[in-house]
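Only this structure's heavy atoms are used, side chains among them; waters, hydrogens and symmetry mates stay out.
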Amino acid sequence: MSEESLITNHQSPITSVEPPDDDEINLIDLAIVLAKHKKLILGLPFLAAVLAVIVSLLMTPIFTATTKILPPQQSQSTASAMLNQLGAVAGLAGGVAGIKNPNDMYVAMLKSRTVADNLIQRFDLNKLYGKEYQSHTRKQLENVSTITSGKDGIISIAVDDKDPKRAATLANAYVEELDKLTNVLAVTEAAQRRLFFERQLEQAKVNLTKSEATARQALEKGGLVQVEGQGRSMAESSARLRAQITVKEVQIGAMRTFAAERNPDLLMAQQELEAMKRQLAKIEGAAGKPEDAQKTNSEGIDNLGLLRDLKYNETVYELLAQQYGLAKIDEAKDSSIIQVMDKAIEPDRRSSPKRALIVILTALVAGFLAVIWAFIKEAGQKARQNPEQAARLDLLRRYLLGR
């Protein structure tokens with residue numbers, strides 16, 4: 001063996017370079033396919049854009065009118081100040097829970113069926129929208145109306161319509177219907193207090209009427225005439241004090257729903273209650289034992305009970321009537337709760353259709369579909385050149401056609 005052959009045999013093997021895999025994506029091949037079908041790729045988006053322009057020109061223009069309102073802002077400090085102003089009976093209405101975001105309540109009211117039906121009847125929207133059923137008209141009105149509440153506390157009401165004047169009128173009508181609804185519903189703290197005292201006052205009036213009727217019957221029999229002098233005075237004082245104790249106990253119960261046990265106002269109210277109870281005990285103790293009084297004048301004791309009930313109901317009615325009057329004054333201060341920042345005006349430009357956006361999106365979609373179709377068409381041509389792939393394509397075609 002020659003020296004040259006030995007040297008050759010002892011040399012390390014040279015790594016061979018593998019040919020590129022046929023499955024790898026070749027950018028040149030992609031460019032060739034795109035260039036081959038350039039008429040389809042460029043022509044289809046152009047035709048689609050032309051059609052989009054024609055269709056957008058034929059579409060009915062829509063105008064959007066927007067109004068912005070500022071609903072009443074309720075704060076805890078305002079509520080506390082009102083409670084202090086109302087005095088002894090304020091705790092009765094102090095336990096009303098607030099809403100985390102009051103604007104959500106007004107948005108819900110604007111989207112309510114009551115507001116929608118009022119607008120439908122007011123503008124005859126059933127005929128305008130061509131709907132047979134009221135529910136369909138409500139749905140159409142909901143679709144053309146956009147009601148949102150921003151982080152800045154402003155509520156925006158936008159209405160779409162092909163008539164710009166009607167769009168502005170509808171948007172402003174939303175605010176008007178909201179104002180009517182807030183006057184009916186107790187949505188503010190003042191209105192809730194007024195409604196509470198109004199109901200309590202009605203019940204107190206019923207109780208007072210019953211007491212007056214019973215006392216009138218006793219008076220006709222001549223019974224109340226027997227209650228004179230010191231007994232009558234002590235009965236009236238006792239009744240008034242009992243009424244004040246009842247109101248104070250309800251106030252303390254309401255305060256405990258939002259105040260801690262060591263709250264200064266709560267502690268002061270409890271001290272006032274204990275003082276009134278001690279005073280009542282003194283008055284009743286000075287009146288003597290009921291057993292002794294019953295031995296001397298049983299009928300007079302019964303008359304004192306009637307008189308106490310009458311004075312008690314009179315005192316409760318007077319207190320509630322006073323607080324009801326304060327609540328009505330407080331509510332009157334909040335009468336103009338809905339403040340309009342921007343009143344809806346007739347828009348001078350359409351909001352839709354957005355022709356430029358329609359044309360651009362249509363052209364992009366058509367171009368994407370043209371590229372996909374070009375690659376599918378090219379793959380089909382290559383498959384037909386291969387007998388095995390051609391047979392598989394024929395089998396797929398037969399399955400799709402159901403043969």
Side-chain angles (χ1 to χ4, degrees), residues 59-79 82 96-126 128-129 137-192 194 330-357:
M59 293 174 64
T60 303
I62 301 298
F63 298 87
T64 302
T66 304
T67 180
K68 295 183 178 181
I69 62 175
L70 178 64
Q73 304 298 315
Q74 301 179 15
S75 61
Q76 186 66 26
S77 58
T78 303
M82 292 302 178
V96 180
I99 301 177
K100 291 184 178 180
N101 186 5
N103 285 11
D104 294 341
M105 177 180 60
Y106 291 97
V107 171
M109 293 172 66
L110 286 167
K111 294 181 179 180
S112 65
R113 179 172 54 85
T114 301
V115 171
D117 289 345
N118 290 341
L119 292 175
I120 291 173
Q121 182 180 6
R122 180 174 171 180
F123 295 95
D124 196 11
L125 296 183
N126 285 324
L128 178 64
Y129 294 151
T137 307
R138 290 195 207 101
K139 188 63 177 179
Q140 179 65 22
L141 179 62
E142 180 182 353
N143 293 336
V144 301
S145 304
T146 304
I147 303 172
T148 57
S149 175
K151 295 182 179 180
D152 53 1
I154 306 301
I155 296 179
S156 299
I157 306 171
V159 178
D160 300 331
D161 199 281
K162 59 184 179 181
D163 184 357
K165 184 177 181 180
R166 185 166 54 229
T169 306
L170 269 172
N172 292 323
Y174 265 106
V175 181
E176 297 171 2
E177 294 300 329
L178 176 62
D179 186 61
K180 294 178 182 178
L181 192 59
T182 53
N183 290 331
V184 175
L185 302 179
V187 295
T188 63
E189 294 176 356
Q192 291 170 3
R194 187 267 307 163
D330 190 20
E331 184 184 17
K333 295 178 181 179
D334 293 340
S335 58
S336 57
I337 57 176
I338 305 299
Q339 304 179 64
V340 180
M341 289 186 57
D342 295 328
K343 188 176 181 180
I345 60 175
E346 183 176 344
D348 53 359
R349 298 183 61 184
R350 70 178 187 280
S351 58
S352 65
K354 298 180 179 179
R355 297 192 177 98
L357 183 60

- prompt: Do R122 and E176 sit within salt-bridge range, that is, some charged N less than 4.0 Å from a carboxylate O?
  reply: yes
- prompt: What residue pairs, at least two apart or across chains, pass side chain to side chain donor-acceptor pair (under 3.5 Å) with a residue in residues 341-355?
  reply: T64-S351
- request: Could you tell me whether the side chain of I155 reaches within less than 4.5 Å of the side chain of V107, counting heavy atoms only?
  value: yes
query: Are any non-hydrogen side-chain atoms of I157 and T66 less than 4.5 angstrom apart?
result: no
List, one per line, each side-chain donor-acceptor pair under 3.5 Å for residues 164-174, sequence neighbours excluded.
residue: R166; atom: NE; partner: D161; partner atom: OD1; Å: 3.2
residue: R166; atom: NE; partner: D161; partner atom: OD2; Å: 3.2
residue: R166; atom: NH2; partner: D161; partner atom: OD1; Å: 2.9
residue: T169; atom: OG1; partner: K165; partner atom: O; Å: 2.9
residue: N172; atom: OD1; partner: A344; partner atom: N; Å: 3.0
residue: N172; atom: ND2; partner: A168; partner atom: O; Å: 3.1
residue: N172; atom: ND2; partner: A344; partner atom: O; Å: 3.1
residue: Y174; atom: OH; partner: S145; partner atom: OG; Å: 3.0

query: Are side-chain heavy atoms of I69 and M341 found at a separation under 4.5 Å?
result: no
- prompt: Taking all non-hydrogen atoms of both residues, which atom of P71 and which atom of G153 are closest, and how far apart?
  reply: CD-O, 3.6 Å
- prompt: Which pair of non-hydrogen atoms, one from M109 and one from V115, has the smallest distance, and what is that distance?
  reply: O-CG2, 3.2 Å
field: Side chains of T182 and Y106 in contact at under 4.5 Å (non-hydrogen atoms)
entry: yes
field: Residue pair E142 / K111, side-chain heavy-atom distance below 4.5 Å
entry: no
Name of the residue among E177, K180, R113 meeting side-chain hydrogen bond (donor to acceptor under 3.5 Å, both in side chains) with N118: E177
- prompt: Hey, which of N126, D124, L119 is the one that makes side chain to side chain contact (heavy atoms under 4.5 Å, CB included) with T137?
  reply: N126
- request: Mark yes or no for whether D179, through its side chain, and V175, through its backbone, hold a donor-acceptor pair below 3.5 Å.
  value: no
